[in-house]
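What's counted below: heavy atoms across the whole structure, side chains too, no hydrogens, waters or symmetry copies.
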Amino acid sequence: MLGPVILAASRSDRMRRLISAAPVTKQVVDRFIPGEDVDDIVPVVRNLADNGLELTMDVVGEDITNPVQAAAARDAYLELVDRLKPLELGTRAEMSVKLSMFGQALDDGHELALKNVRPVVEAAAEIGTTVTLDAEDHTTLDSMFAIHEELRKDFPQTGCVIQAYLFRTEADARRLAESGSRVRLVKGAYKEPASVAYQDKHEIDRAYVRILRTLMKGEGYPMIGSHDPRLIAIGQELAHQAGRKLDEYEFQMLYGIRTEEHLRLAAEGHRMRVYTAYGTDWYGYFMRRLAEKPANLRFFARSMLTKG
């Protein structure tokens, strides 16, 4: 299985230098990350919106080692909000944040992350949109869920992400569904030990369906984060069984992957949101995209051979 190997490489400084230096890397990375700064991303937002798609935007970067960097991450999101305001897209353009970028792993990191993310959530609400808290490795989740619960007191549309491969997630899904939360369900893209997570793909898929059924039956707003055609079809069926209208759930996929499927779902009347990342610190995000799906790795390897 190559996934764990790639995830290990995502934490290797040597591999970061090697891949970053490859002549073809930028061309391949551009498939997943369409820009390095907010000026690059605004035309992408306009283009996706003009094609009937919705967005969630992620300013990539996770290696935060001091409070100054955490504050800079906050400010990058506040700049994004300022640039979104004149587009008047409302919830069609939301944001996704990793609390590690806001200082979660530093001393007193829980309080620091909450302090830094709150202004972003407030600013998003002022322009009629919202924020989703991305899930990271399992050691960070209690803090993430506590921050999510705290933010929802004033901003109930604040969403969060849960990962199907973790054993704890079925219980988390029941709690979130009962509370009426917005929840993005993904399979999971971090290397987790067998003591806390399923390791077999089929077990993960089965857990995904069980959890999605819980979300669809609940009081919240399910966001189906998957490129898997089978899970997409199952999601549609579960939504139908639960009596949900097309605007009572949505699909989410990554920028640059299955683009034609994005357009197909939108054309059928589904809410289809494209997870669109940008920034200069792209390495960790890029490597997880390779680890998630063998086809992504094949695309990169083929490009290295033919373009390098």
Closest heavy-atom pair and its distance - [X], [Y]:
{"X": "Thr129", "Y": "Ala93", "value": "OG1-O, 2.8 Å"}
{"X": "Ile41", "Y": "Pro34", "value": "CD1-CG, 3.7 Å"}
{"X": "Pro229", "Y": "Arg258", "value": "CG-NH1, 3.5 Å"}
{"X": "Ala76", "Y": "Val59", "value": "CB-CG1, 4.2 Å"}
{"X": "Val38", "Y": "Tyr278", "value": "N-CE1, 3.7 Å"}
{"X": "Ile224", "Y": "Gly235", "value": "CD1-CA, 4.0 Å"}

Got a salt bridge between [X] and [Y], using NZ or NE/NH1/NH2 to carboxylate O under 4.0 Å?
{"X": "Lys98", "Y": "Glu136", "answer": "no"}
{"X": "Lys115", "Y": "Glu111", "answer": "no"}
{"X": "Glu250", "Y": "Arg273", "answer": "yes"}

Run the ring-ring contact (aromatic ring centres under 6.0 Å, His included) test against Phe155 and tell me which residues pass, sequence neighbours left out.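 If we apply the ring-ring contact (aromatic ring centres under 6.0 Å, His included) test to Phe155, skipping adjacent residues, there are no hits.
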
Using ring-ring contact (aromatic ring centres under 6.0 Å, His included) as the criterion, list what pairs up with Tyr198, not counting sequence neighbours.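 ring-ring contact (aromatic ring centres under 6.0 Å, His included) check on Tyr198 returns Phe167.
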
Can you confirm whether [X] sits close enough to [Y] that some side-chain heavy atom of one is under 4.5 Å from a side-chain heavy atom of the other?
{"X": "Asp58", "Y": "Val97", "value": "no"}
{"X": "Gln252", "Y": "Ser226", "value": "no"}
{"X": "Glu54", "Y": "Val274", "value": "no"}
{"X": "Thr132", "Y": "Met223", "value": "yes"}
{"X": "Ile257", "Y": "Leu254", "value": "yes"}
{"X": "Met95", "Y": "Leu80", "value": "yes"}
{"X": "Ile64", "Y": "Ser100", "value": "no"}

Quick one: does any side-chain atom of [X] pair with a main-chain N or O of [Y] as donor and acceptor, under 3.5 Å?
{"X": "Glu149", "Y": "Phe145", "result": "no"}
{"X": "Gln199", "Y": "Ala197", "result": "yes"}
{"X": "Tyr255", "Y": "Leu55", "result": "no"}
{"X": "His270", "Y": "Gln236", "result": "no"}
{"X": "Asp200", "Y": "His202", "result": "yes"}

When rounded to the nearest 0.5 angstrom, what distance separates CD in Gln104 from CG in Leu99?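 So the gap between those two atoms works out to 5.0 Å.
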
What's the separation between atom CG in Asp82 and atom CD1 in Ile127, rounded to the nearest 0.5 Å?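 Output value for this atom pair is 8.5 Å.
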
Centroid-centroid under 6.0 Å between Tyr165 and Tyr190 rings: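 Judged by ring-centre distance (under 6.0 Å), Tyr165 and Tyr190 do not meet the cut-off.
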
For residues 173-190, which residue pairs pass the salt bridge (Lys or Arg N to Asp or Glu O under 4.0 Å) check, not counting sequence neighbours?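 Salt bridge (Lys or Arg N to Asp or Glu O under 4.0 Å) check on residues 173-190 returns Glu94-Arg182, Asp134-Arg184, Asp172-Arg175, Lys187-Asp205, Lys187-Asp228.
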
Hey, could you give me each pair passing salt bridge (Lys or Arg N to Asp or Glu O under 4.0 Å) that has a residue in residues 37-46? Not counting sequence neighbours.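 Qualifying pairs: Asp39-Arg83.
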
Checking Glu122 now: which residues fulfil side-chain hydrogen bond (donor to acceptor under 3.5 Å, both in side chains) with it, not counting sequence neighbours?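 Counting only residues at least two positions away or on another chain, Glu122 forms no side-chain hydrogen bond (donor to acceptor under 3.5 Å, both in side chains).
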
Just to verify, which of Gln157, Arg244, Arg271, Glu248 counts as forming a side chain to side chain donor-acceptor pair (under 3.5 Å) with Tyr221?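 When side chain to side chain donor-acceptor pair (under 3.5 Å) is applied between Tyr221 and each of Gln157, Arg244, Arg271, Glu248, only Arg271 qualifies.
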
Excluding sequence neighbours, so at least two apart, what forms salt bridge (Lys or Arg N to Asp or Glu O under 4.0 Å) with Arg152?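 Listed in chain order: nothing, the list is empty.
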
